[in-house]
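Just so you know, these numbers come straight off a predicted model, no measurement behind them. So you know, we letter chains A, B, ... as the sequences are listed, proteins then strands, and number each from 1.
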Protein chains: 4
Amino acid sequence: MKGELRKNQILDGAKKLIARNGYYQTHVEDILREVKLGKGTFYLYFKNKEDLFISILERFLDDWEKIVLKATTDPSYKDLQSYFQALITRSHNFFKLNEELCNIYLRIGPGINDIFEPYIERFEQKMLNYVTDELKKAVQAGFFRKDMD
Amino acid sequence: MKGELRKNQILDGAKKLIARNGYYQTHVEDILREVKLGKGTFYLYFKNKEDLFISILERFLDDWEKIVLKATTDPSYKDLQSYFQALITRSHNFFKLNEELCNIYLRIGPGINDIFEPYIERFEQKMLNYVTDELKKAVQAGFFRKDMD
Amino acid sequence: MKGELRKNQILDGAKKLIARNGYYQTHVEDILREVKLGKGTFYLYFKNKEDLFISILERFLDDWEKIVLKATTDPSYKDLQSYFQALITRSHNFFKLNEELCNIYLRIGPGINDIFEPYIERFEQKMLNYVTDELKKAVQAGFFRKDMD
Amino acid sequence: MKGELRKNQILDGAKKLIARNGYYQTHVEDILREVKLGKGTFYLYFKNKEDLFISILERFLDDWEKIVLKATTDPSYKDLQSYFQALITRSHNFFKLNEELCNIYLRIGPGINDIFEPYIERFEQKMLNYVTDELKKAVQAGFFRKDMD
DNA sequence: TATGAATGAGTATTCATTCAT
DNA sequence: CATGAATGAATACTCATTCAT
């Protein structure tokens, strides 16, 4: 648990600096100065710099999932429209609260093609899956006519 | 003129590689191998790597200007709607023909905040100015009512 | 006594790993994982990694001494030939039983010149002294003619 | 050719320092200070430090081959004894002239087990092959009786 | 005693830039 | 003009050692 704390501490510092300066201009040393930890400590919690970035992306996805899940499993939405409305509202709030993560995902990631593309793809796939799943459920629930895109 | 040719040659190679791999993962050496020139030659035409990137952005703007100017100075558009339609069509075609430049502007640039932000801002300002200027002209020409956004 | 036990425990693990992987590729952490002790414990029994290596070398010498001493102080050898024969047999057995230590002494040590050379020299000197002393005794005992090498 | 010169220059400096201080205590920077070249230059001629060490071992083998070949292809040895005598004399001279290389091969290499063992094995195999080949030729030439080891 | 999280000095390696030819 | 060999500042990463618990 202590370890998880440190990991999050580093992750938060990294998120902040990478969102501001980009991946290549954020040096491992910068991050550790930011969170006031020794350089070696970094490698106790991350295999390397790449691993850190992937962790950030994955955390973004995890956090988003939690929001989405909360919205979807909640049985109180009776019709599709209010369901999606809630989903969008929650997503919107999430993005607002996680401006840094969004920045990284939308602006920083794309500049680091070769290493992160596979992760980003998986990421997008996962996001897509959620929406698709929900739509399927909705279709099954008879919200839509069958002849739609 | 020979020099301008060389410069464009390098600029094209750089555009291609940076669009594909990002700024930091495109090395000066890669670019010069791509265009089959010696590494030292680069510094005959550009002050440094940063200067190259700025040149790419500026060329993007210049090319866009040419398209926009052509469209605006052409007196053949009688009403605003056909004017903007032409503008958008031309812009669209331009973007299609310059996919690489767009990629760089939209995806690569943002990951290189600290150095290029001022240039990008200037860039955006310039783009905005054009549109604003045109709108002003249009307003003066009486195309719009005064009480609009 | 408990301490001596721990020390030997570490020494044995180190001997094994260093003989197999060399000095620089055997990390303090590896040794303590091998003997299932915490990393910090190491520094309760050794000043540092160098001290450990020296201890290994010295233990090698001590053990060899015991064998040699046993052989020499034993009054049962009447003539020189049987004395040396016994010495060699015992040494040979010792080397067989301590393959790891030999490995370290013959193959690992030489690659760590600057730190360990003095110790190794002292080591060799000591070994030489034993043989010389024995020979002197033998000479005094009249085993040899004075005009020999 | 200029490049080959530089490579040899570095190789010689490395040989000297590694023979004296061992592999792990000879730092890339030490070698380049020794031969008065910039740090980056090293990586123009060697992929990394390991590659350098392998080059040294291979050069040792190449040089030895030249000596051995000279000795073997020379048709002037009429009987086997004088042939081997020449071989040994030449090898002996070679070892004397290349004390550093011998030092590295015999004392430094063994301490770097995991990386270099395969190379060293190949090395030994090659050396063995030469002697075996020569013996076969000798046997065919009728120098030996068939019933020998 | 025993531990392992934290540390930072030390090292290999990269890459933009220079300059002699 | 053109070149590419040479350079070293900058950076990621390792590992022996410390110290609070």
Does B:Tyr45 reach a base, just sugar-phosphate, or nothing at all? Heavy atoms under 4.0 Å. sugar-phosphate
Using a strict cut-off of less than 4.0 Å between a Lys/Arg side-chain nitrogen and an Asp/Glu carboxylate oxygen, indicate whether D:Lys16 and D:Glu100 qualify as a salt bridge. no
Do any N or O atoms from the side chain of B:Asn98 and from the backbone of B:Phe94 form a donor-acceptor pair under 3.5 angstrom? yes
Residues of residues 27-38 of chain C with any non-hydrogen atom less than 4.0 angstrom from an atom of DNA chain E: list those, numerically ordered, please. C:Leu37, C:Gly38
So if I take every side-chain heavy atom of B:Lys49 and compare against E:dA16, E:dA5, F:dA2, which nucleotide ends up nearest? E:dA16
Can you identify which nucleotide, out of F:dC13, F:dA6, F:dA10, has its nearest atom closest to the B:Lys39 side chain? F:dA6
Considering heavy-atom distances to DNA chain E, does C:Phe42 or D:Asn48 have its closest nucleotide positioned more toward the 5' end? C:Phe42
Whole angstrom value for the distance that separates P of E:dA12 from NZ of D:Lys47: 15 Å
Just the table, please: protein N/O against nucleotides 19-21 of chain F N/O, every pair under 3.5 Å.
none

Using atom OH of A:Tyr23 as one end and atom P of F:dT11 as the other, report the distance to the nearest whole Å. 14 Å
To the nearest angstrom, the CZ-P distance between A:Phe53 and F:dA12 comes to 14 Å
How long is the line joining CG of D:Leu5 and C1' of F:dA5, in whole Å? 13 Å
Whole angstrom value for the distance that separates C1' of E:dG4 from CG of C:Leu44: 13 Å
Within this structure, what is the CD-to-C1' distance between C:Gln9 and E:dT1, rounded to whole angstrom? 13 Å
To the nearest 0.5 Å, tell me how far A:Phe42 CZ sits from A:Arg6 CZ. 14.5 Å
Is any side-chain N or O of A:Arg6 closer than 4.0 Å to OP1 or OP2 of E:dA5? no
